[in-house]
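So the structure is just underneath, and the comments pick up after that.
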Amino acid sequence: MSELLVICDLDGVLVDTQDAENGALAHIGELMGLSLGRERRDELFSGKKMQECLDLMEELTATAPPPDAIGLARARCEELIGDRLEPLAGVAEALDALGALAHTGLCVASNSPLEIITSRLTKAGILHHFEGRLFSAYDVGAWKPDPKLFLWAAERCGAAVDDCVVVEDSPVGVDAALDAGMRVLQYAADPATGPHRDGAVVLRSMRDLPALVAAVRRPATAPHARVSAPLGGTS
């Protein structure tokens, strides 16, 4: 039996640092004369790479970002996060359970730089679940919604596209996974949030992840059966 590869996004799936990242970018925006409320900054920045956000603020303000804006934003973000980062509710238990499933592998594929991925998983105490299987968009030169990151992660892990299940929360991540031809579980704890796109199955709690992954392994009549909406319980 081939290995089923569960590909996890970092922020919004395993840990929640999006608020800190958006706050750090908003701080750079203030230096450029741009004042953003929480809702507007989240709309502009969530799920995007940092350079793209800086370019957007430059377009909005007609002002160049300060020198080393990326370094300033990352430093500010780490200040906001602090020394300890809690995994999202249910993540630690889900990873333990997935690690015990036969023929199931885990990896992380994120738009963040590798050192950020490593640092945040370490602070959250869950790095050991992914040792050697951390994949950064910076290393492949392609950022979500480009599907290349997920395809590269699958190739490096020796997994076929049909043997991959991606756990994502952002629209750009869902788009990337679906465009890669992979099954997608869209984590959305808010009951008012539906699937971003047809083909994604909504995952309300990370505690449900092991059961969904185990269910993918069971069908014997269709070796590459797709995850269907009823499997997720909500879509």
When you compare the side chain of [Y] with that of [X], does any pair of heavy atoms fall below 4.5 Å?
| X | Y | value |
| --- | --- | --- |
| E115 | Y138 | no |
| D55 | Q51 | yes |
| L14 | F130 | yes |
| H129 | D96 | yes |
| V166 | D9 | no |
| K144 | E168 | yes |
| L185 | V6 | no |
| M182 | L151 | yes |

Hey, quick one: are [X] and [Y] part of the same hydrophobic cluster, counting side-chain heavy atoms closer than 4.5 Å, chains of contacts allowed?
| X | Y | result |
| --- | --- | --- |
| V161 | L149 | no |
| L72 | L56 | yes |
| I81 | F45 | no |

Any donor-acceptor N/O pair, [X] side chain to [Y] backbone, under 3.5 Å:
| X | Y | result |
| --- | --- | --- |
| T104 | L4 | no |
| S112 | S110 | no |
| R204 | A188 | yes |

What is the minimum heavy-atom distance between [X] and [Y], and which atoms define it?
| X | Y | answer |
| --- | --- | --- |
| M32 | P66 | CG-CD, 4.0 Å |
| L101 | P210 | CD1-O, 4.1 Å |
| P195 | A200 | CB-O, 3.6 Å |

- prompt: Hey, is CD on E155 packed in by over 12 heavy atoms from elsewhere, all under 6.0 Å?
  reply: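 Check fails, neighbour count at 12 or below.
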
[atom2] on [Y] to [atom1] on [X], rounded to 0.5 Å:
| X | Y | atom1 | atom2 | answer |
| --- | --- | --- | --- | --- |
| E131 | L106 | CD | CG | 12.5 Å |
| I70 | I28 | CD1 | CD1 | 10.0 Å |
| L98 | L212 | CG | CG | 10.0 Å |
| I117 | D139 | CD1 | CG | 8.0 Å |
| D68 | R74 | CG | CZ | 9.5 Å |
| L10 | I116 | CG | CD1 | 9.5 Å |

Distance-only donor-acceptor hits, side chain of residues 17-25, under 3.5 Å, sequence neighbours excluded:
from: T17; atom 1: OG1; to: D11; atom 2: OD1; distance (Å): 2.5
from: T17; atom 1: OG1; to: R120; atom 2: NH1; distance (Å): 3.2
from: Q18; atom 1: NE2; to: N22; atom 2: OD1; distance (Å): 2.8
from: D19; atom 1: OD1; to: R38; atom 2: NH1; distance (Å): 2.3
from: D19; atom 1: OD1; to: R41; atom 2: NH2; distance (Å): 2.5
from: D19; atom 1: OD2; to: R38; atom 2: NH1; distance (Å): 3.4
from: E21; atom 1: OE2; to: R120; atom 2: NH1; distance (Å): 2.4
from: N22; atom 1: ND2; to: D42; atom 2: OD1; distance (Å): 2.9
from: N22; atom 1: ND2; to: S46; atom 2: OG; distance (Å): 3.1

- request: Test Q186 against T193 for side-chain contact (heavy atoms from CB on, under 4.5 Å), laying out the working first.
  value: CA-CA 10 Å; Q186 178 185 333; T193 301; 4.1 Å; yes

- prompt: Excluding sequence neighbours, so at least two apart, what forms side-chain hydrogen bond (donor to acceptor under 3.5 Å, both in side chains) with K123?
  reply: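 K123 satisfies side-chain hydrogen bond (donor to acceptor under 3.5 Å, both in side chains) with E78 only.
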
Set of salt bridge (charged side-chain N to carboxylate O under 4.0 Å, His left out) partners for [X], sequence neighbours left out:
| X | value |
| --- | --- |
| R197 | D175, D179 |
| E52 | none |
| E79 | R76 |

- prompt: Going by the ring pair (Phe, Tyr, Trp, His ring centres under 6.0 Å) test, which pairs reach into residues 147-188, not counting sequence neighbours?
  reply: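 Qualifying pairs, neighbours excluded: F135-W152.
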
